[in-house]
Visitor: 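First the structure, then my questions, so here it is.
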Amino acid sequence: MMKNKITIIFFLFASLSLFAQWKPQGDKIKTKWAEQVDPNHPLPEYPRPIMEREQWKNLNGLWNYAIQPAGQTAPKGYEGKILVPFAVESSLSGVMKTVGSENELWYETNFTIDTNWKNKEILLHFGAVDWKTEVWINNVKIGTHTGGYVPFSFNITPFLNGKSQKLVVKVWDPTSDGTQPRGKQVKNPESIWYTPVTGIWQTVWLEPVSKKHITNLRTTSDIDHNTINIAAETEGSTAGDVVEITVLDGAKIIASEKAAAGQALDIVLNNPKLWSPDSPFLYDVKVKLISGNKVTDEVKSYFAMRKISSKRDSNGIVRIQLNNKNCFQFGPLDQGWWPDGLYTAPTDKALQYDLIRTKELGFNMIRKHVKVEPARWYTHCDKMGILVWQDMPNGDDGPIWQMHKYFEGTELKRTAHSEETYKKEWREIMDHLYSYPSIVVWVPFNEAWGQFKTVEITEWTKNHDPGRLVNSSSGGNHFQTGDILDIHHYPGPELKLYDARRITVLGEYGGIGMPVTGHLWQADKNWGYTQFKNNDETTAKYKEYADQLIKLAKTGFSAAVYTQTTDVEGEVNGFMTYDRKVDKMNFSEVNKINKEVINAINN
């Protein structure tokens with residue numbers, strides 16, 4: 001009994017000492033979830049639910065950090081503690097310092113390998129790090145990665161020694177001084193541009209695997225032929241190794257098939273249940289890699305049976321179809337920013353919250369705006385039934401703009417290096433997100449920012465993933481390429497350009513602004529397309545725009561995106577304040593009119 005008391009006292013003391021080393025910085029507004037961040041266990045949830053293994057170890061927590069001029073060796077001493085995985089500029093990192101292109105951010109931590117992981121390969125995973133990452137294990141450099149939005153990993157097994165392992169990470173991020181994809185980040189934030197995000201901003205974790213293991217799953221549904229194609233990519237497999245795939249509807253096994261490792265399987269499902277926003281049914285999958293009758297690896301996954309396509313309706317308008325039926329897609333522009341965590345939601349409950357509220361507003365879609373979310377966000381969308389338009393985060397130069405007609409000028413010319421960076425990161429983003437059924441549209445460019453070789457990039461995107469629609473340039477310079485013509489018009493909706501050969505959508509409109517005292521990122525210079533004083537006024541104006549949209553949906557629009565889910569920094573045009581504490585419209589009234597918009601083309 002005495003021993004138990006001593007253990008409890010020790011853990012309490014250890015926890016208190018961690019809290020003493022960390023606290024949120026700055027005096028900016030925060031969400032309610034900021035108070036729930038535990039420096040002992042930040043973001044403890046499994047980070048990759050679309051390919052899940054039982055064993056893993058979360059490395060999030062307090063690490064050492066230092067900021068020093070670029071081009072120096074590892075720091076002799078560190079400046080203090082940073083809470084991983086929150087970007088160094090964020091309040092929740094406990095640091096809230098700017099790094100900039102002239103400096104580098106260094107991290108250091110120690111970890112141990114579980115004793116029951118002996119004879120296993122140990123993978124070190126980073127969810128996302130912005131932008132150039134170099135990694136050392138026990139003073140040996142093991143790898144480099146560039147790109148701020150996709151996961152990457154290293155097999156660290158050969159470099160482990162002793163009981164405790166030292167991990168050092170160096171990050172350089174030029175933000176708006178570089179040409180790399182960066183979304184809304186700039187070094188001098190104002191109006192629609194936000195605070196830089198440097199370094200680790202998603203979960204860091206370890207995973208033990210056998211030498212022969214599964215590295216990726218690609219699932220492609222074909223509802224017209226009742227098949228699901230599942231390709232299990234493997235490492236270390238040899239001739240004679242077998243992949244076994246079992247498909248479940250709840251606890252019931254409905255299919256189980258085997259193929260030689262490296263062969264994809266087309267599995268036929270009788271009377272498949274289709275996935276939609278109204279009925280987001282997901283099949284569960286178990287995948288085993290078998291070598292010599294021994295299971296060397298096993299992962300859990302899921303998939304959905306759904307189809308996204310287009311078809312001309314009886315009035316000659318090209319419509320988006322979901323599962324071979326007309327589907328008006330309507331949702332908010334979702335930036336995915338947080339006043340306390342910047343790119344990183346404080347908790348998984350916070351990450352889900354915006355999605356829950358989006359459903360409460362009656363929307364069936366989200367345009368994920370110039371940002372890529374952690375894997376768990378897409379799984380939440382899959383489970384909740386939210387269609388996602390995924391933007392490529394913009395980079396390089398601002399727009400050479402000719403928005404209101406088909407483009408006749410000279411497109412932006414990027415350097416060969418800038419072009420290659422764009423293609424590498426866009427390809428990696430598409431590959432990373434390929435198997436999430438909620439994603440139905442790829443958006444390579446937004447409003448001409450960094451827009452180059454539009455026809456070539458659009459066709460390359462379509463060839464890379466023929467199963468989704470491609471929205472070539474949302475609100476940008478218009479070319480007759482891809483599946484969609486996307487117009488932006490603020491504040492009210494207007495069908496100012498129409499394409500009889502493609503889907504025509506309103507990719508952004510609205511932006512109804514209302515600053516709420518006590519819930520502002522900054523006291524002045526707050527920005528919205530229109531300004532109102534209370535909920536009644538904003539709701540009335542929203543409904544007025546929705547009534548206009550209903551008419552325009554009947555005559556040409558097949559989707560619309562309202563700006564935006566929440567306020568973000570200096571933007572005050574959200575349904576909610578930036579801290580998510582105040583709703584700025586009557587959600588039940590918005591829900592009612594939104595459903596009328598979605599049903600407009602079916603009536």
Visitor: Could you please spell out the steps behind the salt bridge (charged side-chain N to carboxylate O under 4.0 Å, His left out) verdict for Arg182 and Asp173?
Guide: CA-CA 10 Å; Arg182 66 177 189 274; Asp173 180 16; over 6 Å; no

Visitor: Check whether more than 12 heavy atoms from other residues, nucleotides or ligands sit under 6.0 Å from atom NZ of Lys325, and answer yes or no.
Guide: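 Open: at most 12 neighbouring heavy atoms sit under 6.0 Å from NZ of Lys325.
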
Visitor: I'd like to know if the side chain of Asn138 reaches the main chain of Gln165, judged simply by a donor and an acceptor atom lying under 3.5 Å from each other, with no hydrogens or angles considered.
Guide: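 No, Asn138 side chain to Gln165 backbone: no donor-acceptor pair under 3.5 Å.
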
Visitor: Ring centres under 6.0 Å, that's the criterion: do Phe86 and Trp201 meet it?
Guide: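 No, too far apart.
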
Visitor: Tell me, do Val169 and Phe126 make a side-chain contact under 4.5 Å, heavy atoms counted?
Guide: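 Side-chain contact under 4.5 Å: yes.
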
Visitor: Is atom NZ of Lys141 surrounded by more than 12 heavy atoms (other residues, nucleotides or ligands) closer than 6.0 Å?
Guide: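 Yes, NZ of Lys141 has more than 12 neighbouring heavy atoms, counting only those of other groups under 6.0 Å.
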
Visitor: Taking Arg48's backbone N and O only, do any of them form a donor-acceptor pair with Glu52's side chain (distance below 3.5 Å, no angle check)?
Guide: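 Pair absent, no side-chain N/O of Glu52 close to backbone of Arg48.
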
Visitor: Test Trp106 against Tyr65 for ring pair (Phe, Tyr, Trp, His ring centres under 6.0 Å), laying out the working first.
Guide: CA-CA 5 Å; Trp106 289 80; Tyr65 87 93; over 10 Å; no

Visitor: Show the numbers, then the answer: is there a side chain to side chain contact (heavy atoms under 4.5 Å, CB included) between Lys453 and Tyr422?
Guide: CA-CA 12 Å; Lys453 293 186 177 176; Tyr422 173 97; over 6 Å; no

Visitor: Using the side chain to side chain contact (heavy atoms under 4.5 Å, CB included) rule, take Trp33 and Leu92 through it: C-alpha gap first, then chi angles, then the decisive distance, then the call.
Guide: CA-CA 11 Å; Trp33 299 281; Leu92 289 176; over 6 Å; no

Visitor: Can you check salt bridge (charged side-chain N to carboxylate O under 4.0 Å, His left out) on Lys170 and Glu134, steps first, answer last?
Guide: CA-CA 5 Å; Lys170 180 176 79 170; Glu134 296 172 69; 3.4 Å; yes

Visitor: More than 12 heavy atoms of other residues, nucleotides or ligands under 6.0 Å from NZ of Lys300: is that the case?
Guide: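 Result for NZ/Lys300: open.
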
Visitor: If we only count heavy atoms from C-beta on, is the Thr296 to His213 side-chain gap below 4.5 Å?
Guide: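 A side-chain contact under 4.5 Å is absent here.
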
Visitor: Please lay out, stage by stage, how Lys423 and Glu420 fare under the test salt bridge (charged side-chain N to carboxylate O under 4.0 Å, His left out).
Guide: CA-CA 5 Å; Lys423 286 182 177 177; Glu420 185 47 46; 5.9 Å; no

Visitor: Would you indicate whether Asn119, at its atom CG, is surrounded by more than 12 heavy atoms from other residues, nucleotides or ligands within a distance under 6.0 Å?
Guide: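 It does not: Asn119 CG has 12 such atoms or fewer within range.
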
Visitor: Per the side-chain hydrogen bond (donor to acceptor under 3.5 Å, both in side chains) rule, which among His432, Gln390, Lys383, Glu373 passes with Tyr378?
Guide: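 Testing Tyr378 for a side-chain hydrogen bond (donor to acceptor under 3.5 Å, both in side chains) against His432, Gln390, Lys383, Glu373 leaves exactly one candidate, Gln390.
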
Visitor: Below 30° counts as parallel, above 60° as perpendicular, anything between as tilted: where do the rings of His125 and Trp205 land?
Guide: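 His125 vs Trp205 ring planes: parallel.
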
Visitor: Are side-chain heavy atoms of Phe281 and Tyr283 found at a separation under 4.5 Å?
Guide: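 Yes, at least one pair of side-chain atoms sits under 4.5 Å.
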
Visitor: Passes salt bridge (charged side-chain N to carboxylate O under 4.0 Å, His left out), Lys368 versus Asp391? Steps please.
Guide: CA-CA 6 Å; Lys368 178 44 63 180; Asp391 286 10; over 6 Å; no

Visitor: Do the rings of Trp172 and Trp131 sit parallel, tilted or perpendicular, given the 30° and 60° boundaries?
Guide: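 If you compare the ring of Trp172 with that of Trp131, the planes turn out perpendicular.
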
Visitor: What I'd like to find out is whether the side chain of Leu322 reaches to under 4.5 Å of the side chain of Pro277, using heavy atoms alone.
Guide: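 Yes, at least one pair of side-chain atoms sits under 4.5 Å.
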
Visitor: Can you list, pair by pair, the side-chain donor-acceptor contacts under 3.5 Å of residues 253-267, counting residues two or more places apart and other chains?
Guide:
unit_1, atom_1, unit_2, atom_2, d
Ser256, OG, Thr246, OG1, 3.3
Asp266, OD1, Asn229, ND2, 3.1

Visitor: If only atom types and distance count, is the side chain of Lys359 paired as donor or acceptor with the main-chain N or O of Gly385 below 3.5 Å?
Guide: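 A pair under 3.5 Å: yes.
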
Visitor: Is there a side-chain contact between His380 and Asp348, using heavy atoms and a 4.5 Å cut-off?
Guide: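 Touching, per the 4.5 Å side-chain cut-off.
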
Visitor: Take Thr109 and Leu59 through the side chain to side chain contact (heavy atoms under 4.5 Å, CB included) test and state the conclusion after the steps.
Guide: CA-CA 9 Å; Thr109 191; Leu59 296 186; 5.6 Å; no

Visitor: Is there a side-chain contact between Ser210 and Lys120 in this structure, where contact means two heavy atoms from C-beta onward sitting under 4.5 Å apart?
Guide: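 Ser210 reaches Lys120 side chain to side chain.
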
Visitor: Check whether the ring centres of Trp136 and Phe159 lie less than 6.0 Å apart, and answer yes or no.
Guide: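 Aromatic pair excluded; centres sit 6.0 Å or further apart.
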
Visitor: Any heavy-atom pair between the side chains of Asp431 and Val150 that's under 4.5 Å?
Guide: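 No, too far: nothing below the 4.5 Å cut-off.
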
Visitor: Please say whether more than 12 non-hydrogen atoms of neighbouring residues, nucleotides or ligands are located less than 6.0 Å from NZ in Lys57.
Guide: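 Yes, enclosed.
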
Visitor: Would a distance-only check, ignoring hydrogens and angles, find a side-chain to backbone donor-acceptor pair under 3.5 Å from Asn323 to Lys307?
Guide: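 At least one qualifying donor-acceptor pair exists.
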
Visitor: Under 3.5 Å, is there a donor-acceptor pair between the side chain of Tyr107 and the main chain of Ile200?
Guide: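 Yes, the answer is positive, given that a donor and an acceptor are paired below the 3.5 Å cut-off.
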
Visitor: With the side chain counted from C-beta on, respond yes when Phe154 and Ile137 share a heavy-atom pair under 4.5 Å apart, and no when they do not.
Guide: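 SC-SC contact between Phe154 and Ile137 ruled out.
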
